Amino acid sequence: MIFRIVVLCLTFWLAPAWANTQDRLDTIDRLLYQYPSQALSEINTLENITSPIKLTETDKLRLSLLRCETFLQLGENEAAINIARMNEAKAKILKLDQARPYFLNCMAAAFSNYGDYRQALPILDSSIKLSRELKQPQSLVNGLRLRGIIDTQMDSYSSAFEDLGLASDIYSDTQFQAVNWVLAPRISITLAMSQLLAKNSQFKLAYQLLEKALVRDDPKGKVLLTASIQVAKMAQLNRSISSDQLIKEAKNLLPELETAFELAVSYKDIAQLEYNRANYNRAIQLLEVSLHTFIKQKSTIEKLRTQRLLAEVLLTSGNQPKAMTLMNQAIATGLETSKYHELVLCYQVLSAYYVRQGNFEQAYHYQVLKFDAAENTFNFIKDTRLQQLNTRLSRQQIAHSALDKHGPILGSQTQFKSEYMLLTLFILVALITIRQRRKSTKLAQVPKIASSLGQRIDKLIGHSKLVGFHLSLILIDSRHIFHADRPILQTRLENLLREQDIITTTIDKEVVILLPHTQEKGTLKIIEQIKAVMLPLQQGDRANIGYAKLQQQDSLESLIKRAKVKLLMLKNRKQASLSTETA
C-alpha cells in the first residue's frame with residue numbers, strides 16, 4: 001500500500017516537471033527566431049539541467065535541433081552543419097527517424113547561407129521526401145520554404161511559387177502535430193513570397209501581402225525588424241507609397257539585435273534603403289561597419305555582397321578609385337568561389353556606371369562579361385537539377401535492388417514498377433530540359449530555328465562536342481538586303497558553302513551558318529568570301545557578320561548569342577573607325 005502511494009506521489013510530481021520541460025523547449029522554439037541570443041542562453045541552461053527528471057533522448061535531440069537553428073540565426077553556419085550531421089546520424093541510430101528531416105533542413109539552410117545551392121538542394125529533397133513519409137508537417141513546411149527561397153535566388157520562379165504556396169497551405173496542419181520539433185513563424189513564408197513577387201515586378205502585391213502579415217502575425221524582435229525592412233523596400237519599389245516612416249520604424253528596432261553579425265546584416269539592408277533615397281553618406285557609413293564585421297567573422301558571401309553594394313554607392317557618389325578596388329575584390333571572390341549570380345550583379349553595376357560616364361566601350365565590355373557569367377549561372381542551375389534527378393534515380397535503383405532480395409515472387413511486379421519509375425524520371429528530365437531551354441531562349445531573346453532542322457543541328461553540335469571536332473557558327477544580319485534579293489543571297493551562299501555545312505534563317509531574318517570541322521582561321525576566310533558575295537546586294541551598307549566557335553558547354557542558343565555579341569563588337573568598332581575618319 002505504501003509503495004503505491006509513493007508511486008502515485010512521484011507521478012504527480014514528475015508529470016508537471018516533464019510538462020515544464022516541454023514548455024521550456026516550446027519557449028526556445030519561439031525565441032530563436034525573435035531573440036536568438038536569449039534562446040541560446042536558455043539552451044545552455046537546459047542542457048545543464050540537474051533536476052531528478054532527466055531529458056529523454058527525444059528531448060535531447062530537440063534541444064540539439066534548437067541549438068542548430070539558433071546558430072543559423074547567429075550566422076554560425078559551420079557549427080550548424082556539424083550539429084546537423086552528428087544528430088541526424090544519432091537519430092538514425094536511435095531509430096527516431098521523425099527527427100531526421102529537421103536536421104537535414106538545418107544543414108541545407110547553412111549551405112544555402114554559404115550560397116552553396118548544389119549541396120543544399122539534394123539535402124532539401126531528402127528532407128521533404130522524409131517529411132511526407134513520416135508525416136511531419138513542421139519539417140515539410142520548413143523544407144518547402146527553404147527550397148522556395150533557393151528557387152527564387154536561382155530564378156526558378158514557377159517552382160518557387162509552387163513550394164511557397166504549398167508551405168502556406170499546410171502551415172495550419174502543424175498545430176496538430178503530436179510532437180513539436182521546430183517551426184519558423186508564418187510570416188517567414190510571407191517574406192519569401194514577397195521577395196518572389198518583387199522579382200516578378202509585382203511590387204504592389206508584395207507590399208500588401210507583407211502589410212497584412214504584420215497585422216495578422218504580430219511578429220517581435222528580429223522577425224519584426226526583418227519584416228519592417230522588407231516592407232520599406234517594397235514601398236520604395238512600389239513608388240506610390242512613402243518609405244521614409246517605414247525606414248525610421250525599422251531603425252528603431254535595431255536595439256532588439258544582440259550580436260554583431262545580426263547588426264551587420266541589418267545595417268547592409270538598411271544601407272540599401274538609404275542608397276535608394278540618395279542618402280549616400282549614411283549608406284556608406286552603415287556598409288563600412290557591416291563590411292568590417294563580415295571580414296572579421298570570415299563570412300565570404302556576405303562580404304562579397306557588401307563590397308558590391310558599397311562599390312555601387314561609392315561610384316554613384318563619385319569616389320571611383322575606392323569603388324573599383326572594392327568591386328575588383330568582390331569579382332575576384334566571385335570567380336574564386338564560382339558565385340556566378342553575384343558576378344552578374346557586379347558586372348551590371350560597372351556597365352551601368354560606364355554608360356552614365358559615356359564610356360560605351362567599357363560598358364559593352366562588362367555587358368559581355370555579364371553575359372558569360374549569366375550563361376555559367378544557367379549551366380550551373382541545369383547541372384544542379386540534373387544532379388537532383390540522378391540522386392532520385394539512384395535511390396529508386398537501390399530500392400529496386402532491395403525488393404529483388406525478397407524473392408522471385410515479386411520479380412515481375414518490381415520490374416514493372418522500376419520501368420515505370422525510369423520512364424517517369426525520363427519524362428521529368430525531358431520536361432525540365434525543354435523548360436530550361438525555353439526559358440533561356442526567352443530571356444536572351446534568341447530566335448528559334450525551325451524544328452525540322454533543329455534536330456539535325458542538335459545532332460551536329462552533340463557529335464562535335466562528343467568527338468572533339470571543331471565547329472563554327474556564322475551569323476549574318478541581312479536586314480539591309482531587300483526582301484526580293486534574299487533568295488538570291490541564299491542561292492549564292494549555298495553555292496559557296498560545302499555540302500556538310502548547314503544554312504538556315506531565324507524569324508528575325510538573320511542567316512545562321514554552321515561550319516563543321518572549321519577552325520577560327522577558316523571561318524574568317526569564309527566570312528571574307530561571304531562579304532564579297534553580299535556586296536552587290538548590300539545597297540551601299542556594310543555587311544554585319546558575327547561568328548562563334550563551339551565550346552563544351554554550348555548549345556545552339558548560346559552559340560547564336562555569342563555570335564551576336566561578336567557582331568555588335570565588330571559593328572561598334574566600325575562606327576568608331578568611321579567617326580575617327582570623319583574627325
Side-chain angles (χ1 to χ4, degrees), residues 105 108-109 111-112 115-129 131-132 137 140-171 184 186 188-210 213 230 234 237 340-342 344-345 373-393 423-448 555 557-558 561:
N105 283 339
F111 281 121
S112 176
D116 191 351
Y117 302 141
R118 183 161 289 177
Q119 290 202 67
L121 280 170
I123 294 172
L124 280 175
D125 284 348
S126 300
S127 163
I128 290 168
K129 181 175 179 291
S131 300
R132 285 172 173 154
L140 183 57
V141 166
N142 288 336
L144 290 169
R145 177 181 64 86
L146 285 168
R147 195 166 69 178
I149 292 170
I150 293 175
D151 281 335
T152 301
Q153 292 295 323
M154 296 172 65
D155 298 334
S156 298
Y157 299 139
S158 58
S159 299
F161 271 118
E162 184 179 347
D163 282 342
L164 293 175
L166 183 57
S168 181
D169 291 340
I170 65 176
Y171 193 91
R186 188 186 188 98
S188 62
I189 301 174
T190 310
L191 284 167
M193 183 63 81
S194 72
Q195 290 173 346
L196 178 58
L197 290 169
K199 276 210 162 188
N200 282 267
S201 302
Q202 300 182 52
F203 306 127
K204 187 175 182 180
L205 182 58
Y207 174 80
Q208 292 172 346
L209 197 68
L210 275 174
Q230 183 75 352
M234 293 303 112
L237 292 171
Y340 298 115
H341 179 71
E342 299 297 331
V344 169
L345 299 176
E375 192 172 27
N376 284 325
T377 302
F378 168 74
N379 290 328
F380 171 79
I381 294 169
K382 181 182 67 176
D383 292 343
T384 302
R385 295 301 186 195
L386 288 175
Q387 184 183 10
Q388 286 178 271
L389 289 171
N390 288 333
T391 302
R392 293 174 191 172
L393 179 59
L423 178 61
T424 304
L425 285 169
F426 176 78
I427 293 171
L428 279 171
V429 172
L431 287 173
I432 287 175
T433 303
I434 292 169
R435 177 184 163 194
Q436 294 291 357
R437 282 185 178 178
R438 285 180 177 175
K439 184 177 178 181
S440 175
T441 304
K442 182 179 179 182
L443 289 174
Q445 295 182 342
V446 176
K448 296 180 181 178
S555 62
E557 289 82 6
S558 62
K561 284 189 284 185

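Note that this is a predicted model, so its numbers are computed, not measured.
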Donor-acceptor contact below 3.5 Å, side chain [X] vs main chain [Y]:
X	Y	answer
T152	G148	yes
S168	G165	no
Y157	N200	no

* Not counting sequence neighbours, which residues clear side chain to side chain contact (heavy atoms under 4.5 Å, CB included) with E162? List them please. =>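 E162: no side chain to side chain contact (heavy atoms under 4.5 Å, CB included) contacts found.
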
* To do: Taking side chain to side chain contact (heavy atoms under 4.5 Å, CB included) as the test, write out the residues that go with L146, two or more places apart.
  =>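 Applying side chain to side chain contact (heavy atoms under 4.5 Å, CB included) to L146 gives N105, A109, L124.
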
Please report the shortest heavy-atom distance between [X] and [Y], naming the atom on each side.
X	Y	answer
A120	A108	CB-O, 3.5 Å
Q153	H341	O-CE1, 3.9 Å
P122	Y117	CD-O, 4.3 Å
S194	Q230	OG-NE2, 3.0 Å

Quick one: [atom1] on [X] to [atom2] on [Y], what's the gap to the nearest 0.5 Å?
X	Y	atom1	atom2	value
Q202	L196	CD	CG	8.5 Å
I150	F111	CD1	CZ	11.5 Å
R147	S112	CZ	OG	13.0 Å
L121	S126	CG	OG	11.0 Å
L205	Q208	CG	CD	6.5 Å
M234	L197	CE	CG	9.0 Å

* For L345 and E342, what are the C-alpha separation, side-chain angles and deciding distance, and is it a side-chain contact (heavy atoms from CB on, under 4.5 Å)? -> CA-CA 5 Å; L345 299 176; E342 299 297 331; 4.1 Å; yes

* Result of checking I123, L144, N142 against I128 for side chain to side chain contact (heavy atoms under 4.5 Å, CB included) ->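 So the option named by the test is L144.
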
* To do: Take S188 and R145, measure what side-chain contact (heavy atoms from CB on, under 4.5 Å) needs, and give me the verdict at the end.
  => CA-CA 8 Å; S188 62; R145 177 181 64 86; 3.4 Å; yes

* Asked: What do the steps show when you test I189 against V141 for side-chain contact (heavy atoms from CB on, under 4.5 Å), and what is the final call?
  -> CA-CA 9 Å; I189 301 174; V141 166; 3.8 Å; yes

